[in-house]
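Index from 1, following the sequence. Any value given below was found using the heavy atoms of this structure, including those in side chains, with hydrogens, waters and symmetry copies removed.
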Amino acid sequence: MKEIPASGRLEHCNTAPVLVLEKAEEENLENLPVAVIGDPELNERFGFNERSEEWHRKSRRKLLRKLDLHILPVIVVMYLLNYLDRSNLSQARLGTLEEDLGLVGNEFNIATSILFVGYLLMQIPSNIFLVRTRPSMYLGICMALWGIISGLQAATSSFPGILVCRFFLGFVEAPFFPGIMMLLSSWYTRAEIAHRFALFYGGSQLGNMFGGLIAAGVLGNLHNAGGISGWRWLFIIEGASTVVISLLAIVVLPDYPNSTKWLTEEEQGYAVWCLSADIGEVDDNYSIGVKEAAVLALKDYKVYLFGLMLHANTLTQTFSYFFPTIVKTLGYSSTVTLLLTVPVWFVAFIFAFLISYHASRTNERTFHIISAMAIALLGNILVISTTNNGVRFFAMFLMPIGAFPGVQIILAWVSNSMPRPAAKRSIALALCNVFSNSSNIYGSYLYPSSDGPRYIKGGITISCMAVVCMLCALAMRFCLIRENKKLALAEEQVAAEEEAAGMEPSKRKTFRQII
């Protein structure tokens with residue numbers, strides 16, 4: 001969205017006065033729509049169009065404070081635990097997991113990749129169901145289920161046992177990520193969502209960071225406590241924590257704006273009105289059927305280009321499932337290795353948030369993604385090019401710093417580019433997430449132990465995919481610029497027709513793609 005001059009004014013169209021806000025941000029206020037013309041029914045009931053700029057500024061700030069307090073802390077903790085339960089297998093490997101389960105050859109890699117088979121199978125059905133149910137209840141129950149299954153991994157005693165657990169763990173984890181994306185896009189405008197999604201996605205880096213700390217403590221101090229191996233304690237503790245937090249999520253998470261009890265009736269209406277003003281259309285979960293929504297999503301070329309972009313970007317993150325093993329090639333003990341992963345993920349979290357926050361504030365996507373991928377490319381090249389510990393450890397910082405910001409910017413870009421109707425957006429997000437996570441199925445085989453310490457095959461593959469992601473971002477930029485030109489031309493034609501008919505031209509600006 002383009003910047004607009006400072007100040008605001010009331011302008012009159014043929015139907016009703018329209019508040020035109022001419023300053024996008026002030027005093028850290030989130031971007032409000034260029035021309036605020038929300039849902040006519042809500043305006044008739046509450047008179048939002050006739051309210052002053054100052055009223056809109058204060059009301060939006062107040063509403064955002066409520067939303068952020070109820071949504072952001074919960075979803076960050078949920079994603080932290082989601083990543084802990086998904087990636088703790090890599091930390092358990094530094095204990096006696098492989099020995100106790102009798103894993104040989106590439107069986108550990110198979111156990112890692114099978115999770116994503118179950119994950120992909122449930123993606124689209126889950127998001128179709130999500131728009132017809134209560135997100136708070138649905139996501140909370142799914143969280144409790146994945147916590148239980150994660151804990152049950154402690155009871156396995158063979159390769160088939162861990163394989164079954166990992167498959168169903170992916171199956172019940174599948175609704176979470178696209179479900180949260182759908183939830184956020186149902187509350188926040190396009191200018192507000194990117195840096196909030198960055199905070200949410202930061203849960204993955206925090207999960208890796210705390211995972212290293214927890215694993216170091218559990219594997220180092222609880223091994224054989226009560227006759228139970230340390231890696232089994234790891235699964236029990238992290239699984240039980242997830243179940244407890246899931247109960248909190250059910251209570252605290254909101255559903256959709258028009259059905260959230262901790263908002264007043266006016267606040268519910270204002271939340272819906274702001275979203276309709278941002279896009280020019282009300283977010284109606286029942287406006288079209290599932291079949292029609294699926295056809296709309298499948299016919300949109302952006303789904304496939306975003307899907308390829310996400311596929312490439314997600315593959316650059318594959319190293320994270322083997323990161324403790326990669327760090328162990330520096331030659332330190334298991335406990336020290338796990339502790340060395342902590343500062344890496346903390347720095348990655350800070351950088352990922354800053355890059356995404358800047359992308360949100362500037363409403364720019366392409367070059368933020370390209371810059372992040374360039375950092376990941378450099379990190380991978382350094383890791384495979386030398387055995388010098390200092391250089392390699394520095395490169396191990398660059399790998400997550402570059403790999404993780406991209407996916408959160410891209411997913412926010414998907415929501416921005418296909419905002420309505422809600423059912424199409426939900427299916428589009430699910431499809432993009434399928435494309436994205438399909439890379440983890442074969443990415444799990446890029447880091448076999450036999451390729452250490454440099455892991456040349458994995459490094460070269462990830463480097464190539466970083467370049468593919470950059471090219472996709474550039475291609476999407478050119479496509480969306482072309483779409484914006486078409487939108488501007490259509491807007492000019494409508495204005496010309498209105499003028500020819502003797503009508504006062506509408507001041508409303510149509511939807512524009514963020515590039």
Side-chain angles (χ1 to χ4, degrees), residues 1-2 30-31 127 177-178 180-202 204 275 278-279 283 296-297 300-317 352-374 376 402-422 424-437 439 465-466 468-484 487 511-515:
M1 293 173 68
K2 298 179 180 178
E30 309 299 340
N31 287 356
N127 257 32
F177 192 85
I180 292 295
M181 274 302 300
M182 179 66 189
L183 184 66
L184 289 176
S185 63
S186 299
W187 283 99
Y188 295 104
T189 66
R190 294 179 301 152
E192 296 162 356
I193 195 172
H195 56 281
R196 286 176 172 83
F197 183 65
L199 271 175
F200 161 65
Y201 199 75
S204 63
L275 291 172
D278 182 43
I279 303 302
D283 200 12
L296 285 173
D300 195 329
Y301 75 91
K302 295 190 292 293
V303 169
Y304 303 100
L305 188 50
F306 275 129
L308 179 58
M309 197 188 313
L310 280 165
H311 184 93
N313 182 268
T314 304
L315 191 64
T316 66
Q317 300 179 14
F353 176 73
L354 291 176
I355 293 170
S356 297
Y357 184 82
H358 192 262
S360 177
R361 286 304 192 187
T362 58
N363 265 343
E364 200 284 329
R365 303 291 185 259
T366 308
F367 297 113
H368 285 84
I369 294 167
I370 290 174
S371 300
M373 286 293 94
F404 278 82
V407 71
Q408 54 206 46
I409 297 173
I410 297 168
L411 282 168
W413 204 3
V414 174
S415 291
N416 296 158
S417 301
M418 291 173 279
R420 301 292 183 269
K424 177 197 171 181
R425 182 175 79 249
S426 179
I427 292 174
L429 283 167
L431 283 169
C432 287
N433 215 35
V434 167
F435 287 130
S436 172
N437 284 283
S439 64
M465 283 298 176
V468 170
C469 185
M470 293 186 221
L471 294 175
C472 287
L474 278 175
M476 183 60 76
R477 182 181 182 88
F478 290 130
C479 290
L480 296 184
I481 287 174
R482 186 180 61 184
E483 285 198 12
N484 281 344
L487 290 167
F511 170 80
R512 291 290 190 275
Q513 295 283 4
I514 293 174
I515 57 174

_Using the ring-ring contact (aromatic ring centres under 6.0 Å, His included) criterion, which residues pair with F353? Sequence neighbours excluded._
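Per chain and number, F353 pairs via ring-ring contact (aromatic ring centres under 6.0 Å, His included) with Y357.
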*Check ring-ring contact (aromatic ring centres under 6.0 Å, His included) between Y188 and all other residues, then give those that pass, not counting sequence neighbours.*
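Partners of Y188 by the ring-ring contact (aromatic ring centres under 6.0 Å, His included) criterion come out as none, since no residue qualifies.
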With no hydrogens and no angle check, is any side-chain donor or acceptor of [X] less than 3.5 Å from a backbone partner on [Y]?
{"X": "Q317", "Y": "A403", "value": "yes"}
{"X": "N313", "Y": "C469", "value": "no"}
{"X": "S360", "Y": "S356", "value": "no"}
{"X": "R196", "Y": "L184", "value": "no"}

*Could you tell me the separation between the CD atom of E364 and the CD1 atom of I514, rounded to the nearest 0.5 Å?*
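Here the interatomic distance stands at 10.5 Å.
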_Whether H368 and H358 hold their rings parallel, tilted or perpendicular, with breakpoints at 30° and 60°_ = tilted
*Identify the two heavy atoms, one from F306 and one from S417, that lie closest to each other, and give their separation to 0.1 Å.*
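What the structure gives for the nearest pair is CZ-OG, 3.7 Å.
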*Which pair of heavy atoms, one from M181 and one from L411, lies closest together, and at what distance?*
CE-O, 3.3 Å
Can you sort out the partners of [X] under side chain to side chain contact (heavy atoms under 4.5 Å, CB included), two or more places apart, ordered by chain and number?
{"X": "I481", "value": "R477, K485, I515"}
{"X": "H311", "value": "S438, S439, Y442"}
{"X": "L431", "value": "I124, A297, L298, V303, I427"}
{"X": "S436", "value": "L310, T314, N433"}

*Under 6.0 Å between the ring centres of F177 and F200?*
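Yes, they do, as the ring centres are separated by less than 6.0 Å.
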*Is the closest side-chain heavy-atom distance between M476 and W413 below 4.5 Å?*
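A side-chain contact under 4.5 Å exists here.
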